[in-house]
> 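Handing you this structure, nothing more for now.
It should be emphasised that the depicted structure is a prediction, and the values quoted were computed from it without experimental measurement.
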Amino acid sequence: MKYTDPSTAEVRTDDHPTGALGMRYLLRGQEHTPDNFVMLIAENIGHFHMVRHRHNFDQFRYVISGQMNIGDGMVIREGELCYFPEGTPYGPQDDAPGPLVLTVQFGGGNGYGYMSPEQYLAGRTALEQDGRFEGPVYLKEVDGKLTKKFSINAIWEEAMGARMMIPAPRYQAPIIMNPKAYRWTPVQQQQGCFRKFLGSFSERRTGAEMLKIDAGATLRLMPEQAHRLLFVLDGSGAISAEPIGRHFGVQVEPGEALELMAGPHGLCALCLEMPVFEPGWQQAEITAVEPAQEESVE
């Protein structure tokens with residue numbers, strides 16, 4: 001089990017092609033695995049604009065403060081959670097400075113994994129030896145001709161050592177959840193503990209829920225074959241006698257139990273569950289494709 005205090009996390013501003021985000025990394029998975037993930041807090045420190053695009057990984061975003069638009073008239077408001085499925089396009093995005101957003105990015109059901117921030121930076125540095133970046137585009141001269149490729153696509157292929165493939169979309173659009181519209185339900189046989197189950201997605205059964213623990217109560221979660229990531233939305237408490245507070249990130253490994261005690265003002269947390277990949281998964285009936293030259297894939 002791991003936990004991170006956001007006040008001790010370095011703010012990095014060079015990990016997104018727009019340069020408009022300040023990122024504080026809380027938790028990370030294991031590189032070169034389909035289960036890899038990252039949990040971070042991103043703040044718009046400049047004007048954020050991103051063209052319509054799609055991912056080859058899954059993503060959750062929870063708006064801590066402000067709001068963010070994701071195109072097609074869709075807006076994620078403060079306190080709402082959005083699931084971005086791999087392969088599903090969204091955007092364009094256009095936001096002024098200010099919004100503060102929890103972001104969790106992770107390998108989706110197709111098993112392509114997730115490129116870590118370190119892999120991203122290493123891939124970008126390697127590509128700069130033979131070409132140059134201009135905004136979201138990578139330019140390189142090949143046989144006397146200037147070629148263009150969206151930067152993240154080129155970096156992915158350099159860092160991961162494989163062609164980028166985009167899965168067919170399972171969902172037509174990102175899914176926005178309003179937790180305030182859900183009812184708190186008691187956790188059986190655990191006095192003072194409640195949960196809101198927000199949803200489960202794709203064949204991986206990725207789940208999202210909110211947990212509430214009354215002052216002085218203790219929540220016990222049994223081991224699961226899943227990576228569980230908790231983000232403290234409000235209040236404080238302790239894990240194994242170690243104090244945690246607002247906006248702390250907590251990582252519970254597969255096969256690991258969790259005992260979380262609330263402090264004098266209670267504790268509320270967002271919990272994301274990503275089951276481990278099982279052997280014997282078959283291919284989808286619609287095959288994945290390579291991104292087109294003019295297509296952006298963040």
Side-chain angles (χ1 to χ4, degrees), residues 12-23 25 28 31-34 36-38 40 42 44-59 61 69-72 84-95 103 105-170 173-174 283-284 286-298:
R12 293 168 54 165
T13 59
D14 60 348
D15 290 2
H16 193 277
T18 65
L21 298 179
M23 300 181 175
Y25 294 100
R28 306 165 188 258
E31 292 181 357
H32 306 294
T33 68
N36 194 26
F37 63 83
V38 66
L40 61 94
N44 282 27
I45 57 176
H47 178 212
F48 180 86
H49 177 77
M50 193 70 187
V51 299
R52 187 169 177 82
H53 62 284
R54 52 184 178 158
H55 307 290
N56 67 342
F57 56 86
D58 273 359
Q59 179 176 205
R61 290 184 185 176
N69 77 81
I70 56 174
D72 294 329
F84 296 80
E86 60 177 354
T88 298
Y90 67 97
Q93 297 171 263
D94 197 334
D95 283 311
T103 302
Q105 298 174 328
F106 55 100
N110 270 54
Y112 296 139
Y114 176 74
M115 178 173 56
S116 72
E118 287 71 28
Q119 289 175 305
Y120 172 87
L121 293 176
R124 188 175 69 184
T125 299
L127 290 176
E128 287 174 337
Q129 305 304 310
D130 299 315
R132 69 182 189 276
F133 292 96
E134 292 186 2
V137 178
Y138 177 64
L139 305 174
K140 180 180 178 181
E141 189 171 306
V142 179
D143 297 328
K145 296 182 179 180
L146 190 64
T147 64
K148 296 182 179 181
K149 183 178 289 190
F150 274 98
S151 59
I152 193 66
N153 301 16
I155 293 170
W156 169 278
E157 294 175 358
E158 175 68 27
M160 306 295 275
R163 297 291 292 171
M164 173 179 274
M165 302 297 290
I166 305 299
R170 294 163 174 78
Q283 294 297 318
I286 304 176
T287 58
V289 297
E290 292 188 25
Q293 285 295 318
E294 69 277 7
E295 180 179 24
S296 173
V297 183
E298 184 182 0

> Quick check for you: to the nearest 0.5 Å, what is the distance between Trp156 atom CH2 and Lys149 atom NZ?
13.5 Å
> Taking all atoms of both residues into account, what is the closest heavy-atom pair of Thr88 and Pro169, and its distance?
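Closest heavy-atom pair between Thr88 and Pro169: OG1-CB, 3.6 Å.
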> Atom NZ of Lys140 and atom OG1 of Thr147: how far apart are they, to the nearest 0.5 Å?
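If I round to the nearest 0.5 Å, the distance is 7.0 Å.
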> For Pro167 and Tyr112, work out which heavy atoms get closest and say how close.
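The pair with the smallest heavy-atom distance is CD-CE1, 3.9 Å.
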> Would you call Ile155 and Phe133 a side-chain contact if the rule is heavy atoms closer than 4.5 Å?
yes
> Which atom pair, heavy atoms only, marks the closest approach of Gly111 to Pro34?
O-CB, 3.8 Å
> How long is the span from the NE2 atom in His53 to the CG atom in Asn153, to the nearest 0.5 Å?
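Answer rounded to 0.5 Å: 11.0 Å.
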> Mind checking what makes salt bridge (Lys or Arg N to Asp or Glu O under 4.0 Å) contact with Asp94, not counting sequence neighbours?
none
> Please answer whether the main-chain N or O of Gly91 pairs with a side-chain N or O of Arg52 as donor and acceptor at a distance below 3.5 Å.
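Yes, because the side chain of Arg52 sits within donor-acceptor range (under 3.5 Å) of the backbone of Gly91.
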> Taking the side chain as every heavy atom from C-beta outward, state whether Asn110 and Asn56 have any pair of such atoms under 4.5 Å apart.
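The answer is no; the side chains never approach within 4.5 Å.
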> Do you know which two heavy atoms are closest between Thr103 and Ala42, and how far apart they sit?
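Minimum heavy-atom contact is OG1-CB, 4.5 Å.
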> Rounded to the nearest 0.5 Å, what's the gap from CG on Asn69 to OH on Tyr90? Could you check?
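Atom-to-atom, Asn69:CG and Tyr90:OH are 11.0 Å apart.
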> So, are Arg170 and Glu86 salt-bridged, with charged N and O less than 4.0 Å apart?
yes
> Among Glu31, Gln105, His32, exactly one meets side chain to side chain donor-acceptor pair (under 3.5 Å) together with Ser116. Which residue is that?
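It is Glu31, the one option of Glu31, Gln105, His32 that forms the side chain to side chain donor-acceptor pair (under 3.5 Å) with Ser116.
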> Which value, rounded to the nearest 0.5 Å, describes the distance between Asn44 atom CG and Leu21 atom CG?
5.5 Å
> Taking side chain as C-beta onward, heavy atoms only, is Met164 less than 4.5 Å from Glu290?
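Met164 vs Glu290: side chains apart.
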> Identify the heavy atoms of Gln119 and Ala159 that sit nearest to each other, and give their distance.
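Closest approach of Gln119 to Ala159, heavy atoms only: O-CB, 3.4 Å.
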> With a 4.0 Å cut-off on N to O distance, would you call Glu118 and Arg12 a salt bridge?
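Looking at Arg12 together with Glu118, the answer is yes, because their closest N to O distance falls below 4.0 Å.
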> Assert yes or no for the condition that the ring centre distance of His55 to Phe106 is strictly below 6.0 Å.
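Not under 6.0 Å, so no.
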> Excluding sequence neighbours, so at least two apart, what forms side-chain contact (heavy atoms from CB on, under 4.5 Å) with Ile286?
Ala168
> Do Pro117 and Arg28 have side chains that get closer than 4.5 Å, going by heavy atoms?
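Yes, their side chains come closer than 4.5 Å.
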> What's the separation between atom CE in Met115 and atom CG in Asn36, rounded to the nearest 0.5 Å?
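So the gap between those two atoms works out to 10.5 Å.
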> For Pro89 versus Pro174, what's the shortest heavy-atom pair and its separation?
O-CD, 4.2 Å
> Might you work through the side-chain contact (heavy atoms from CB on, under 4.5 Å) test for Glu158 and Tyr138, ending with a clear yes or no?
CA-CA 12 Å; Glu158 175 68 27; Tyr138 177 64; over 6 Å; no
